[in-house]
Engineer: 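My questions all concern the structure below.
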2 protein chains.
Amino acid sequence: MTQPNILVVDDDPEICRLLGKYLDGQGFRCQLAANKRQCQQRLADSRVDLVVLDVMLPDGSGLDICREIKDERPDLAVILLTALKEDVDRIIGLELGADDYLGKPFNPRELAARIRAVLRRGSSAAPKEERTAPAYRFEGFTAIPERRSLSDPDGTDVPLTGAEFDLLMIFLDRPGRVLSREILMDLLHGRSVDPFDRSIDVTMSRLRRKLNDNGVFRLFKTVRNGGYQFAARVEREEDETQP
Amino acid sequence: MTQPNILVVDDDPEICRLLGKYLDGQGFRCQLAANKRQCQQRLADSRVDLVVLDVMLPDGSGLDICREIKDERPDLAVILLTALKEDVDRIIGLELGADDYLGKPFNPRELAARIRAVLRRGSSAAPKEERTAPAYRFEGFTAIPERRSLSDPDGTDVPLTGAEFDLLMIFLDRPGRVLSREILMDLLHGRSVDPFDRSIDVTMSRLRRKLNDNGVFRLFKTVRNGGYQFAARVEREEDETQP
DNA sequence: ATTGATTTGTTACGCTGTGTATCGAAGACC
DNA sequence: GGTCTTCGATACACAGCGTAACAAATCAAT
């Protein structure tokens with residue numbers, strides 16, 4: 001996926017515009033729609049990978065749209081924006097098949113992060129079309145998120161378990177940054193750590209072993225009292241490995 | 001993170017003081033600044049994890065500060081305080097890269113809660129900058145923050161521990177300046193020194209040894225009763241070291 | 001469900017990094 | 001030189017981390 005295509009549906013033109021601008025700057029390709037009609041037209045006429053949908057639209061609740069989208073194209077991702085922060089709404093939203101939700105007012109950064117998260121999840125669940133898949137390359141290794149596969153410098157496959165691959169991807173998306181255990185735990189499992197939780201360390205250890213990261217030049221650096229850092233250079237490629 | 005370091009920037013000394021006191025009581029370590037100059041000085045000389053920033057400052061809008069902060073240190077968290085509660089303002093504030101906002105008048109408890117929330121998220125939501133990795137060069141050595149690596153004039157890797165590398169970076173960012181133990185301690189660990197704390201000295205000693213800084217011409221000069229000074233010339237490079 | 005295989009979390013123990021204590025060396029001031 | 005202070009370096013203690021071994025949970029396929 002070169003640039004994910006996002007459709008923003010919100011009746012407030014100002015929010016719409018700003019959001020579109022922000023997401024553009026974040027590497028997404030954005031389209032806007034102010035109502036149901038426009039929304040449907042965009043969905044019919046252009047490629048859309050994910051919909052950011054305000055549930056409070058003037059013409060008929062956005063919930064309808066959500067339901068319809070999921071009815072017709074179950075693998076199209078939807079993130080709901082809701083002014084009401086009530087859990088009930090959220091549950092309902094998810095019951096309608098939305099992939100995530102966000103209470104208004106929300107932090108655009110968080111929205112961007114969630115979009116990325118949903119898209120990553122999504123591509124594994126529903127294998128996309130003939131689109132080229134992105135690949136991450138580092139120190140001779142090649143990781144392909146779509147296939148959840150990793151091959152070493154010799155080209156031989158390195159079998160990673162789910163958690164190991166997820167952890168690797170977290171680092172590949174954030175090379176050079178020191179990631180604390182809290183953040184890693186949050187990104188990996190969405191929960192927080194209790195003081196003596198060592199699961200991150202163990203998973204790191206296993207991942208390191210499979211990557212033969214035991215030399216002097218560590219791929220993953222340990223920052224004492226800080227967390228871990230991926231120290232290798234990462235290249236994102238629009239890979240052409242397609243049958 | 002032991003005690004998060006908060007910088008409160010507000011021109012009203014009373015609000016500043018009260019806020020600082022409250023946040024102190026909430027387990028944060030607080031510093032105060034009344035204007036842009038003070039703000040910049042604090043950011044340069046002490047460790048700051050999060051900035052609480054009034055957008056209505058007398059000397060130039062606080063929005064400038066926010067923009068500058070996010071420009072130089074994208075992963076430093078900022079929470080904006082604004083007198084205008086309009087959504088537009090909020091979004092605009094966030095477009096400047098702030099992590100959250102709060103309309104005045106606000107409930108201190110809510111501020112504390114949001115601070116905790118933002119810190120917990122950390123910079124995980126922060127978009128990755130496509131910025132080239134800077135490298136510091138001095139006396140033949142090359143330090144690359146993104147990899148937390150240091151190589152000596154021969155190009156061989158010098159393994160530094162976390163604290164050693166952090167300390168080195170502090171000096172590389174402030175070449176020629178005499179840094180007191182207080183400032184070093186603050187920048188290194190975000191806490192203040194008790195009178196007989198020698199940990200800085202020990203870390204300096206270990207760092208010096210690893211840099212072979214034992215000749216007559218010292219890389220690190222000791223300033224008696226003053227602190228330490230990095231005496232070599234430092235060049236910052238926008239490095240593109242390809243593997 | 002039951003079984004067996006695989007993945008993930010937990011515990012325990014040894015290793016490493018960092019702060020503290022201590023002692024000797026180097027200045028500073030008389 | 002004598003004395004006091006400050007700094008450098010070594011020694012040691014302790015907390016953070018790596019990982020092996022085990023236990024629990026999850027999954028696949030009957």
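Side chains included, hydrogens not; waters and symmetry mates left out as well; all remaining heavy atoms used. From a predicted model like this one, the values you see are computed outputs, not experimental measurements. Lettering follows sequence order; numbering is per chain, from 1.
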Engineer: What's the shortest heavy-atom distance between Ala163(B) and Leu188(B), and which atoms?
Structural biologist: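 Of all heavy-atom pairs spanning Ala163(B) and Leu188(B), the closest is O-CD1, 4.0 Å.
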Engineer: Listed in order of residue number, which residues of residues 156-172 of chain B have a non-hydrogen atom at under 4.0 Å from DNA chain C?
Structural biologist: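 Result for residues 156-172 of chain B: Thr161(B), Gly162(B), Ala163(B), sorted by number.
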Engineer: Can you pull out how bent the helix from dA1(C)-dT30(D) to dC30(C)-dG1(D) is, comparing the axes over its first five and last five pairs, to 10°?
Structural biologist: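 One end's axis against the other's: 40°.
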Engineer: Check the distance between dG8(D)'s P and Leu211(B)'s CG and give it to me in whole angstrom.
Structural biologist: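 Interatomic distance, CG of Leu211(B) to P of dG8(D): 14 Å.
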Engineer: Taking CG from Asn225(B) and C1' from dC29(C), how many angstroms apart are they, rounded to a whole number?
Structural biologist: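 Roughly 13 Å, once rounded to whole Å.
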Engineer: Round to a whole Å and report the spacing from NZ of Lys221(B) to P of dA26(C).
Structural biologist: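 Going from NZ in Lys221(B) over to P in dA26(C) covers 19 Å.
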Engineer: Using a strict cut-off of less than 4.0 Å between a Lys/Arg side-chain nitrogen and an Asp/Glu carboxylate oxygen, indicate whether Arg233(B) and Glu235(B) qualify as a salt bridge.
Structural biologist: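 Salt bridge between Arg233(B) and Glu235(B), a charged N being under 4.0 Å from a carboxylate O: yes.
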Engineer: Are any of the side-chain heavy atoms of Leu219(A) and Phe171(A) separated by less than 4.5 Å?
Structural biologist: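 No, every pair of side-chain atoms sits at 4.5 Å or beyond.
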Engineer: Write down the distance between CZ (Phe220(B)) and C1' (dG8(D)), rounded to a whole number of angstrom.
Structural biologist: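 One finds 15 Å between C1' of dG8(D) and CZ of Phe220(B), rounded.
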Engineer: Could you check Gly226(A) against Met204(B) and say which one's nearest nucleotide on DNA chain D is further toward the 5' end?
Structural biologist: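 That would be Met204(B).
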Engineer: Are Thr222(B) and dT6(D) close enough that a side-chain N or O sits under 4.0 Å from OP1 or OP2?
Structural biologist: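 Checking Thr222(B) against dT6(D): no side-chain N or O falls below 4.0 Å of OP1 or OP2.
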Engineer: Between His189(B) and dT18(C), is there a side-chain N or O to OP1/OP2 distance below 4.0 Å?
Structural biologist: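 Answer is no, no contact under 4.0 Å.
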Engineer: Between Asp45(B) (side chain) and Leu43(B) (backbone), is there a donor-acceptor pair under 3.5 Å?
Structural biologist: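 The answer is no, because no donor-acceptor pair under 3.5 Å joins these two groups.
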Engineer: Under the salt bridge (Lys or Arg N to Asp or Glu O under 4.0 Å) rule, what pairs show up with a residue in residues 213-226 of chain B, not counting sequence neighbours?
Structural biologist: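 Only Arg208(B)-Asp213(B) qualify under salt bridge (Lys or Arg N to Asp or Glu O under 4.0 Å).
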Engineer: May I have the distance from Leu179(A) (atom CG) to dC17(D) (atom C1'), rounded to whole angstrom?
Structural biologist: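 In whole Å, dC17(D) C1' and Leu179(A) CG are 17 Å from each other.
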Engineer: CG of Asn212(B) versus P of dA9(D): gap in Å, rounded?
Structural biologist: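 Between P of dA9(D) and CG of Asn212(B): 12 Å.
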Engineer: Shorter than 3.5 Å, N or O on both sides, protein versus nucleotides 20-23 of chain C: list them out with atom names.
Structural biologist:
{"unit_1": "dT20(C)", "atom_1": "OP2", "unit_2": "Asp197(B)", "atom_2": "OD1", "d": "3.3"}

Engineer: At under 4.0 Å, does any side-chain N or O of Tyr228(B) touch on OP1 or OP2 of dG8(D)?
Structural biologist: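 Yes, such a contact exists.
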Engineer: Between atom CG in Asp201(A) and atom P in dA12(C), what is the gap in whole Å?
Structural biologist: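 Whole-Å distance recorded here is 16 Å.
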Engineer: Phosphate oxygens OP1/OP2 of dG8(D): is one of them under 4.0 Å from a side-chain N or O of Arg208(B)?
Structural biologist: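 True: Arg208(B) side-chain N/O within range (under 4.0 Å) of dG8(D) OP1/OP2.
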Engineer: Search all heavy atoms of Pro145(A) against all heavy atoms of Pro134(A) and return the closest pair with its distance.
Structural biologist: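 Smallest interatomic distance, heavy atoms only, reads CD-O, 3.3 Å.
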Engineer: When you compare the side chain of Phe141(B) with that of Pro153(B), does any pair of heavy atoms fall below 4.5 Å?
Structural biologist: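 With C-beta onward as the side chain, the pair touches.
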Engineer: Do Arg224(A) and dT18(C) share a donor-acceptor pair, side chain to base, under 3.5 Å?
Structural biologist: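 There is none.
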Engineer: Which heavy atom of Val48(B) sits nearest a heavy atom of Arg73(B), and at what distance?
Structural biologist: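 Result for this residue pair: O-NH2, 3.7 Å.
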Engineer: For the pair made of CD1 in Ile200(B) and C1' in dG8(D), what is the distance, rounded to whole Å?
Structural biologist: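 Distance check: Ile200(B) CD1 to dG8(D) C1' gives 15 Å.
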Engineer: Examine distances only and state if a side-chain atom of Gln229(B) and a backbone atom of Arg177(B) form a donor-acceptor pair shorter than 3.5 Å.
Structural biologist: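 Side chain of Gln229(B) to backbone of Arg177(B), a donor-acceptor pair under 3.5 Å: no, none is there.
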Engineer: Output yes when Asp186(B) and Arg42(B) qualify as a salt bridge under the 4.0 Å nitrogen-oxygen rule, no when they do not.
Structural biologist: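 Judged by the 4.0 Å cut-off on N to carboxylate O distance, Asp186(B) and Arg42(B) do not form a salt bridge.
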Engineer: Residues two or more places apart in sequence or in another chain: which of them pass salt bridge (Lys or Arg N to Asp or Glu O under 4.0 Å) with Arg148(B)?
Structural biologist: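 Arg148(B): salt bridge (Lys or Arg N to Asp or Glu O under 4.0 Å) contacts with Asp166(B).
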Engineer: Who are the side-chain hydrogen bond (donor to acceptor under 3.5 Å, both in side chains) partners of Ser199(B), not counting sequence neighbours?
Structural biologist: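 If we apply the side-chain hydrogen bond (donor to acceptor under 3.5 Å, both in side chains) test to Ser199(B), skipping adjacent residues, the hits are Asp197(B).
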